[in-house]
Every structure is written in C-alpha cells, then in structure tokens.
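Note that ligands are numbered from 1 as they come in the structure, with each ligand's atoms numbered from 1 the same way.
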Amino acid sequence: MGMRHFIDLSRLAAEDLRAMLLAAHRRKAQRAGLPKGAPDSDRPLDGRLLAMIFEKNSTRTRASFDVAMRQLGGGSAMYNAADLQLGRGESVADTARVLSLFVDAVMIRANAHALVEDFAAHASVPVLNGLTDKSHPCQILADVMTYEERVGPLAGAHLAWIGDGNNVLASLLHAAPKLGFALRICTPPGFRPAEADLALADGAYTMIDDPAEAASGADCLLTDTWVSMGDRDVEARKAAFAPYQITQTLMDKAKPHAIFLHCLPAHRGEEVTAEVIDGPRSAVFDAAENRLHAQKAALLWCFYLLGSA
Ligand code: CP
Ligand code: NVA
C-alpha cells in the first residue's frame with residue numbers, strides 16, 4: 001500500500017472523499033454526549049503520534065488536530081517552525097526524515113505550498129496540509145460536512161463564494177467536481193482564483209461579477225477574510241473588497257434554507273456583517289466544531305483505517 005498524504009482534495013478519489021464524510025458524520029454521532037477528553041470507544045489510533053508544524057498562527061487547526069488525535073486514542077506534539085532547526089536553514093528533506101523517525105504522521109501549516117510537497121516527498125509517514133498559501137483542504141472537508149448536516153445533499157447544490165479568490169476557495173473548487181455541487185464565484189477583478197484551481201473544478205463553476213446575482217437562489221453563501229496571512233496589500237484589498245461584503249440583504253437573496261459559512265477568524269464589519277455571522281443562518285461555529293470530526297476521518301484515511309470508522 002502506498003503512502004497516503006492529505007495535501008489537496010483534488011488528488012482524492014471521489015469515493016474516498018465521500019467515505020471520509022460518512023465516517024466524520026458517523027463518528028460525530030457515535031460520541032455524542034461524551035466528555036471532550038474521552039476517547040472514541042474503538043481508539044483506532046492507539047499508540048500513534050502526530051507532529052504538527054506551524055509556520056503561521058492557528059487556533060482551530062491546532063486545537064482540533066490535537067483533540068482529534070487524543071479522541072482517536074493517540075497523541076500529538078506541536079512545533080513552531082521557527083523553533084526547529086528548519087528555522088535556521090536545516091533542509092525540509094532532513095527535517096522530514098528525522099521527524100518520520102519519531103512520529104506516525106505530520107501535519108504542516110506552511111507559508112508555501114511547496115514546503116508541504118517537499119516534506120511529503122521525503123517523509124516516510126503520512127503528511128497532512130493544515131493550510132498553505134494555495135489551499136486549505138481540512139477547512140473545506142469540515143465545510144461540506146456542515147452543509148450536509150445543516151442543509152442536505154451536496155449533489156446539485158449551488159454554493160456561492162463572494163470575496164477573495166484565496167486558498168480556501170481553491171480547496172472548494174477542488175471539492176466541487178468530486179461531490180457534485182456547482183460553485184458561483186464572485187471576486188473583484190484581480191482577485192480571481194488561479195487558473196490551475198479553476199481547471200481542477202472540471203467546469204463545476206461559473207464566474208459572476210455581481211454579488212447580488214451570485215447570491216440569488218444560492219443554497220449557501222461563503223466568504224473569508226479580505227487579508228489572508230501573508231497578504232501585504234491591506235488597504236488596497238479593503239478598498240477592492242468593500243462591495244463584496246456579505247450583508248443581510250445578500251443573505252435574503254439566497255434560498256430560505258441557505259446557510260452562511262466562513263472558515264474563521266472573521267472580521268465583523270469587513271467581509272461579513274455581525275448580523276449575518278451571528279445570525280440564525282450562520283453555520284460558522286458548526287463548521288469550526290466539524291473541523292475535529294472531519295480531520296479524524298482524514299487521519300484515519302491516511303492510516304488506511306477509514307473502514308474501521
Ligand atoms: N479556519 C482555520 O483554519 O482556523 P485557524 O487559522 O485558527 O486554524
Ligand atoms: N485565507 C485565510 C484562512 C485562515 C484560516 C488565510 O490564509 O489566512
């Protein structure tokens with residue numbers, strides 16, 4: 001069996017993505033009511049360790065992977081990249097070889113996507129992408145799980161992304177053809193997603209210039225911060241994105257059952273109003289919670305243990 005890395009949703013077989021979602025829903029239901037520190041009854045990752053390397057800040061990814069490993073019966077260790085010899089110039093390859101001797105899997109949040117690819121090429125354990133400049137597959141796994149939970153089947157659904165053509169949108173584009181939903185993309189000129197990511201959506205998207213048109217009749221509205229970690233052109237971005245704020249007026253154009261999703265952290269009054277993100281149609285905290293359940297499924301997939309879920 002080959003080494004399984006969870007780096008981009010575009011590389012997953014549709015049936016594997018579907019199996020992860022099923023496992024995430026099932027495991028979440030199975031442990032309902034248990035204290036958060038209690039392990040799942042089957043402890044499928046008993047004795048396994050996950051290392052987490054962070055080049056950037058994180059709350060949800062850090063906490064959810066740590067708790068995921070504990071609930072699966074294993075453990076985790078966290079390292080800030082700057083504190084590793086990596087931060088002083090030791091090669092990614094040597095870091096990957098050494099950490100593979102100590103732990104059973106590695107999750108990395110990196111500035112450059114190429115670092116995660118390089119690490120995976122030299123690791124002898126599974127590597128998971130905890131966000132890069134190019135993609136955020138863990139977030140989208142949790143978002144699509146949340147959509148299924150709050151709204152229903154994804155096949156045939158119309159999801160509207162209004163805002164920056166960033167890393168989170170790239171993973172949403174990767175998921176669309178695998179799960180059968182259609183994506184409406186509404187970004188300012190100059191902030192469109194990369195052509196390579198659009199190509200990976202295999203035609204499952206339309207570009208729409210007007211936010212109101214993108215929102216009309218949609219099953220879900222999504223956005224993200226206007227300034228991602230590493231972006232420098234802050235004032236230019238805020239000016240360009242101002243007409244793309246998710247307001248209650250936009251939300252009211254979506255279908256009555258439509259939900260609002262945002263990966264968090266959010267900036268109320270910028271990409272979304274407080275009325276929407278703190279309102280009844282917001283599913284942002286469900287999605288944050290589902291990071292835990294979705295990542296448990298991704299970890300089990302990496303270990304060829306998804307069938308045990
Ligand atoms: N959504 C998300 O990945 O959050 P963190 O940056 O807090 O991990
Ligand atoms: N697009 C954001 C997501 C944060 C979870 C960023 O990359 O900073």
Review item, side-chain donor-acceptor pairs of residues 184-204, under 3.5 Å, at least two apart:
unit_1	atom_1	unit_2	atom_2	d
Arg184	NH1	Ala214	O	2.8
Arg184	NH1	Ser216	O	2.7
Arg192	NH2	Glu195	OE2	3.4
Asp197	OD1	His174	NE2	2.7

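- Looking at Glu148 and Arg18, a side-chain N of the basic residue comes within less than 4.0 Å of a carboxylate O on the acidic one, giving a salt bridge.
- Shown here for Thr132 and Asn167, the closest heavy-atom pair between the two residues is O-ND2, 3.0 Å.
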Distances only, to 0.1 Å: what are the N or O pairs between ligand 2 and the protein that fall under 3.5 Å?
unit_1	atom_1	unit_2	atom_2	d
ligand 2	1 (N)	Asn166	ND2	3.3
ligand 2	1 (N)	Asn167	OD1	2.9
ligand 2	1 (N)	Asp224	OD2	2.7
ligand 2	1 (N)	Ser228	OG	2.7
ligand 2	7 (O)	Asn167	ND2	2.8
ligand 2	8 (O)	Met229	N	2.8

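- A side-chain N or O of Arg291 and one of Thr61 form a donor-acceptor pair less than 3.5 Å apart.
- Under 3.5 Å, the side chains of Thr223 and Glu271 contain no donor-acceptor pair of N or O atoms.
- Donor-acceptor pairing under 3.5 Å is recorded for the side chains of Ser135 and Asn129.
- Counting only N and O atoms by type, the side chains of Gln30 and Arg27 include no donor and acceptor under 3.5 Å apart.
- Few gaps surround NZ on Lys178; more than 12 heavy atoms of other groups in view lie less than 6.0 Å from it.
- Sorted by chain and number, the heavy-atom contacts of ligand 1 below 4.0 Å come from Ser58, Thr59, Arg60, Thr61, Arg109, His136, Gln139, Cys263, Leu264, Arg291.
- Residues satisfying the side-chain contact (heavy atoms from CB on, under 4.5 Å) criterion with Arg43, sequence neighbours excluded, are Pro39, Asp46.
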